[in-house]
K.L.:
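Right, I'll just put the structure down here and ask away after.
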Amino acid sequence: MDDYVKSTPLISSGDVNGNPVVDPSGTKIGEIDHLMIERETGQVAYASVGFGGFLGLGKDHYPVPWKRLSYDPSLGAYRTDITEEEVKGAPEPHDEWYRDRQWEQRAHDHFGVPYYWF
C-alpha cells in the first residue's frame with residue numbers, strides 16, 4: 001500500500017475485508033470478513049468477524065458492532081476489547097438477523113454500544 005493510501009482517512013470496504021482483529025494485547029483473534037452498511041445513511045453498522053477455525057474451516061462469523069472496533073495503524077489491524085466469552089455469550093444471530101431490529105437491540109445492549117439507528 002503506498003503512502004497516499006495509508007494517509008487518507010477513507011478506506012475502501014474491499015481493503016477492510018481480511019484485516020486482522022486483535023485483542024488489547026495485540027494478539028490476533030479473528031479477521032474481518034465483510035461489513036454491513038446501513039443503507040440510508042451509509043454508516044457502517046457491523047463488521048462480520050471470523051473467529052477460530054483452522055485454514056478457514058470451522059470458522060464462526062459474528063456481526064460485531066462497528067463501534068467496538070478501532071483501527072490501529074501501527075498494527076495494520078482493528079483493535080477490540082471484546083473477549084471470546086463476550087462473543088460466546090452474545091445473542092445468537094439467525095439467518096436474517098440484519099432484518100431483525102429486536103435482535104440488533106439485544107446485540108447492541110450485550111456489547112454495550114449505542115444503537116446506530118438513532
Side-chain angles (χ1 to χ4, degrees):
M1 193 178 302
D2 64 32
D3 288 335
Y4 171 75
V5 172
K6 288 181 182 178
S7 68
T8 182
L10 300 177
I11 186 169
S12 166
S13 62
D15 291 335
V16 174
N17 299 349
N19 270 250
V21 176
V22 299
D23 65 15
S25 70
T27 302
K28 181 180 175 184
I29 59 171
E31 65 183 36
I32 296 177
D33 182 66
H34 63 276
L35 302 177
M36 297 296 289
I37 300 168
E38 208 276 325
R39 188 181 309 268
E40 290 182 21
T41 66
Q43 178 179 343
V44 176
Y46 301 95
S48 178
V49 178
F51 295 97
F54 179 70
L55 297 176
L57 301 173
K59 185 180 287 188
D60 290 324
H61 288 86
Y62 194 88
V64 173
W66 186 245
K67 291 181 181 181
R68 287 293 301 265
L69 299 167
S70 63
Y71 187 69
D72 184 332
S74 69
L75 294 175
Y78 287 85
R79 278 195 186 271
T80 187
D81 59 353
I82 293 173
T83 64
E84 182 178 353
E85 294 79 28
E86 197 173 5
V87 172
K88 287 181 179 178
E92 184 73 28
H94 53 82
D95 288 344
E96 294 201 2
W97 63 266
Y98 52 89
R99 295 178 186 210
D100 182 348
R101 185 67 82 198
Q102 289 179 343
W103 180 89
E104 288 187 282
Q105 289 173 333
R106 289 191 310 274
H108 277 73
D109 291 346
H110 176 80
F111 287 111
V113 294
Y115 305 144
Y116 69 86
W117 54 91
F118 286 131

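Note that the structure is a prediction, hence the values are computed from the model and not measured.
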K.L.:
Without swapping roles, check the side chain of H108 against the backbone of E104 for a donor-acceptor pair under 3.5 Å.
P.N.:
yes

K.L.:
When rounded to the nearest 0.5 angstrom, what is the spacing between CD1 in I29 and CZ in R79?
P.N.:
11.0 Å

K.L.:
I need the minimum non-hydrogen distance between G76 and P20, along with the two atoms involved.
P.N.:
O-CD, 3.7 Å

K.L.:
Mark yes when over 12 heavy atoms from residues, nucleotides or ligands other than R101 sit less than 6.0 Å from its CZ; otherwise mark no.
P.N.:
yes

K.L.:
Are Y62 and P91 close enough that some pair of their side-chain heavy atoms sits under 4.5 Å apart?
P.N.:
yes

K.L.:
Starting at CD of E92, measure out to CZ of R106 and round the result to the nearest 0.5 Å.
P.N.:
11.0 Å

K.L.:
Over 60° means perpendicular and under 30° means parallel, so classify the ring planes of W103 and Y46, tilted if in between.
P.N.:
tilted

K.L.:
Checking H34 side chain against S13 main chain: does a donor-acceptor pair fall under 3.5 Å?
P.N.:
no

K.L.:
Are side-chain heavy atoms of Y116 and M36 found at a separation under 4.5 Å?
P.N.:
no

K.L.:
Which of these passes side chain to side chain contact (heavy atoms under 4.5 Å, CB included) with L69: V44, D81, V21, I82?
P.N.:
V21

K.L.:
In the single-linkage hydrophobic clustering (I, L, V, M, F, W, Y; side-chain heavy atoms under 4.5 Å), do V16 and V22 co-cluster?
P.N.:
no

K.L.:
Hydrophobic cluster membership, with links at side-chain heavy-atom distances under 4.5 Å among I/L/V/M/F/W/Y: are I32 and L75 in one?
P.N.:
no

K.L.:
Would you indicate whether K28, at its atom NZ, is surrounded by more than 12 heavy atoms from other residues, nucleotides or ligands within a distance under 6.0 Å?
P.N.:
yes

K.L.:
Using modelled atom types and a 3.5 Å cut-off, is there a donor and acceptor pairing between side-chain atoms of E38 and backbone atoms of E40?
P.N.:
yes

K.L.:
For the residue pair A77 and Y71, what are the closest heavy atoms and their distance?
P.N.:
O-CD1, 3.5 Å

K.L.:
Given side chains that start at C-beta, do those of Y78 and R68 come closer than 4.5 Å, heavy atoms only?
P.N.:
no

K.L.:
Of the non-hydrogen atoms in G50 and H61, which two are nearest, and what is the gap between them?
P.N.:
CA-CD2, 3.6 Å

